[in-house]
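Counting from 1, the numbers follow the sequence of the chain as shown.
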Amino acid sequence: DTDGGGVTMLFSHIDSLMGPVFEALDHRTLLHMLDPLVGVLPASHTVVLEFPTSAENMAAWLLTECVRRDPRCVRLALTETDSSTITVDREDLAIWPSTTR
């Protein structure tokens, strides 16, 4: 959504942009690089990230990855549970992902 008028990118385009990212994360344990489980769990089942894996940080990181692949990406919503969704805009990327959250 670039102007508040609704969806401006087809799901198929998003899938082609972000599919490789989602495949790399799918069925993996996401760990902050300082997590004591790094090196304990099998490397084939983990993804080590430079920031804590909060929903807010993950949403910002995913938006950053989307923007890197297509500059038209401006917003991302990540649903963690049925009642918990974080929405991140490009402006939020100045503070997320955070190494302390």
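Of all the heavy atoms in Ile86 and Ala59, the pair that sits closest is CG2-CB, 3.7 Å. Shortest non-hydrogen contact noted between Ala60 and Pro97 is CB-N, 3.7 Å. The two residues Glu80 and Ala55 make their nearest non-hydrogen contact at OE1-CB, 3.7 Å. Of all the heavy atoms in Asp70 and His13, the pair that sits closest is OD2-NE2, 2.8 Å.
Interatomic distance, Asn57 CG to Leu49 CG, rounded to the nearest 0.5 Å: 9.5 Å. Rounded to the nearest 0.5 angstrom, Glu56 CD and Ile95 CD1 are separated by 9.5 Å. Here Cys73 contributes atom SG and Glu65 contributes atom CD; the two are 11.0 Å apart, rounded to the nearest 0.5 Å. The OG1 atom of Thr85 sits 8.0 Å away from atom CG of Leu78, with the distance rounded to the nearest 0.5 Å. With values rounded to the nearest 0.5 angstrom, Leu25 atom CG is found 4.5 Å from Trp61 atom CH2. To the nearest 0.5 angstrom, Cys66 atom SG is 12.5 Å from Arg75 atom CZ.
There is no path of hydrophobic side-chain contacts, each under 4.5 Å, that joins Val47 to Val38. Hydrophobic clustering of Ile, Leu, Val, Met, Phe, Trp and Tyr side chains at less than 4.5 Å, counting indirect connections, keeps Phe51 apart from Val48. Tracing side-chain contacts under 4.5 Å through hydrophobic residues (I, L, V, M, F, W, Y), one never reaches Leu30 starting from Leu41; they form parts of separate clusters. Met33 and Met58 fall into different hydrophobic clusters, where Ile, Leu, Val, Met, Phe, Trp and Tyr side chains are chained together by heavy-atom contacts under 4.5 Å. Leu34 is connected to Leu31 through a chain of hydrophobic side-chain contacts under 4.5 Å among Ile, Leu, Val, Met, Phe, Trp and Tyr, so both are in one cluster.
Using a 3.5 Å distance cut-off with no hydrogens or angles, the side chains of Thr29 and Thr46 do not pair a donor with an acceptor.
Side-chain atoms of Arg69 come within 3.5 Å of backbone N or O of Leu17 as a donor-acceptor pair. Side-chain atoms of Asp89 never come within 3.5 Å of backbone atoms of Glu91 as a donor-acceptor pair (strictly under, hydrogens ignored).
Contact annotation: the side chain of Met18 approaches that of Leu62 to within less than 4.5 Å [non-hydrogen atoms, C-beta and beyond].
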